[in-house]
Amino acid sequence: QLQLVESGGGLVQPGGSLRLSCAASGFTLGGYAIGWFRQAPGKEREGVLCISSSGGSTNYADSVKGRFTISRDNAKNTVYLQMNSLKPEDTAVYYCAAELYGSSCHYGMDYWGKGTLVTVSS
């Protein structure tokens, strides 16, 4: 069964950091574009960061520039989202998604995880 599983979410104070993981099972992430998306309460899902199948990264959310980075470890079959200087407005469910040979990320990607909740609050 092909699956993506996010982990690493939780409660963090403003200014803190978290690292989210997106682990694949049933397939290898090498060759896939991986995107991180988020959905805040009462808001639409938005793209955050994307790493293409060739390794280039794209930032889709101006609000996270300079604070969030995306990376992949093909040996561990995992993609990470490092989030620093977190703000209350970063509170959301974070999802990862994958598409084979993708050059960009979009809402119609092939595989989606179920999400992990990040809450930024004092």
Side-chain angles (χ1 to χ4, degrees):
Q1 185 177 0
L2 307 181
Q3 212 172 5
L4 290 173
V5 179
E6 303 94 339
S7 62
L11 174 64
V12 63
Q13 291 187 342
S17 297
L18 280 176
R19 188 177 76 163
L20 305 184
S21 299
C22 172
S25 62
F27 67 107
T28 56
L29 287 177
Y32 280 78
I34 307 297
W36 282 100
F37 299 78
R38 66 184 182 183
Q39 187 164 17
K43 295 187 177 181
E44 294 185 353
R45 190 172 297 189
E46 66 170 344
V48 179
L49 279 165
C50 174
I51 187 164
S52 71
S53 57
S54 60
S57 63
T58 303
N59 190 326
Y60 291 115
D62 289 341
S63 62
V64 307
K65 282 182 180 178
R67 299 189 298 122
F68 290 12
T69 56
I70 188 171
S71 63
R72 66 194 307 159
D73 185 336
N74 287 339
K76 294 185 177 180
N77 215 25
T78 300
V79 172
Y80 302 100
L81 181 67
Q82 179 66 43
M83 306 186 296
N84 299 325
S85 302
L86 283 161
K87 303 176 181 180
E89 51 263 43
D90 295 318
T91 295
V93 178
Y94 284 73
Y95 301 88
C96 65
E99 181 171 277
L100 184 62
Y101 303 134
S103 58
S104 64
C105 297
H106 52 88
Y107 297 122
M109 298 182 81
D110 296 331
Y111 305 108
W112 287 80
K114 294 183 178 180
T116 184
L117 176 63
V118 172
T119 303
V120 184
S121 175
S122 55

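Atoms considered below: every heavy atom in the structure, side chains included; atoms not considered: hydrogens, waters and symmetry mates. In this text, all values refer to a predicted model and were calculated from it rather than measured experimentally.
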Q.
Would you say Met109 ends up clustered with Ile51 if hydrophobic residues are merged whenever their side chains have heavy atoms under 4.5 Å apart, either directly or through other cluster members?
A. no

For Trp112 and Tyr107, the nearest pair of non-hydrogen atoms, with its separation, is CZ2-O, 3.4 Å

Here the gap from Arg72 atom CZ to Asn77 atom CG, rounded to the nearest 0.5 Å, amounts to 9.0 Å

Please tabulate, for side-chain N and O atoms in residues 8-36, each donor-acceptor pair with protein atoms closer than 3.5 Å (sequence neighbours left out).
unit_1	atom_1	unit_2	atom_2	d
Ser17	OG	Asn84	OD1	2.9

>> Would Arg45 pass as a cation-pi partner of Tyr95, given that its NZ or CZ must be under 6.0 Å from the six-membered ring centre and within 45 degrees of the axis?
In response: yes

Item to check | Shared hydrophobic cluster, Leu4 / Phe37 (ILVMFWY, side-chain heavy atoms < 4.5 Å) | outcome: no

When rounded to the nearest 0.5 Å, the distance separating CD1 of Ile70 from SG of Cys96 is 9.0 Å

Rounding to 0.5 Å, atoms CG (Leu49) and CE (Met83) come to a distance of 10.5 Å

The side-chain hydrogen bond (donor to acceptor under 3.5 Å, both in side chains) partners of Ser52 (sequence neighbours excluded) come to Ser54

Contacts of Tyr60 meeting ring pair (Phe, Tyr, Trp, His ring centres under 6.0 Å) (sequence neighbours excluded), chain-then-number -> none

Side chain to side chain contact (heavy atoms under 4.5 Å, CB included) filter on Ser71, not counting sequence neighbours, yields Tyr80

When you group the ILVMFWY residues by side-chain heavy-atom contacts below 4.5 Å and let the links chain together, are Leu100 and Val79 in the same group? yes

Residue pairs passing the salt bridge (charged side-chain N to carboxylate O under 4.0 Å, His left out) test with at least one member in residues 79-99, sequence neighbours excluded, are Arg38-Asp90, Arg67-Asp90

All heavy atoms of Cys50 vs all of Ser104, minimum pair found to be SG-C, 3.7 Å

Item to complete: Treat each ILVMFWY residue as a node, draw an edge where side-chain heavy atoms are under 4.5 Å apart, and state whether Val5 and Leu2 are in one component.
Response: no

So the salt bridge (charged side-chain N to carboxylate O under 4.0 Å, His left out) pairs with at least one residue in residues 47-66 (sequence neighbours excluded) are Asp62-Lys65

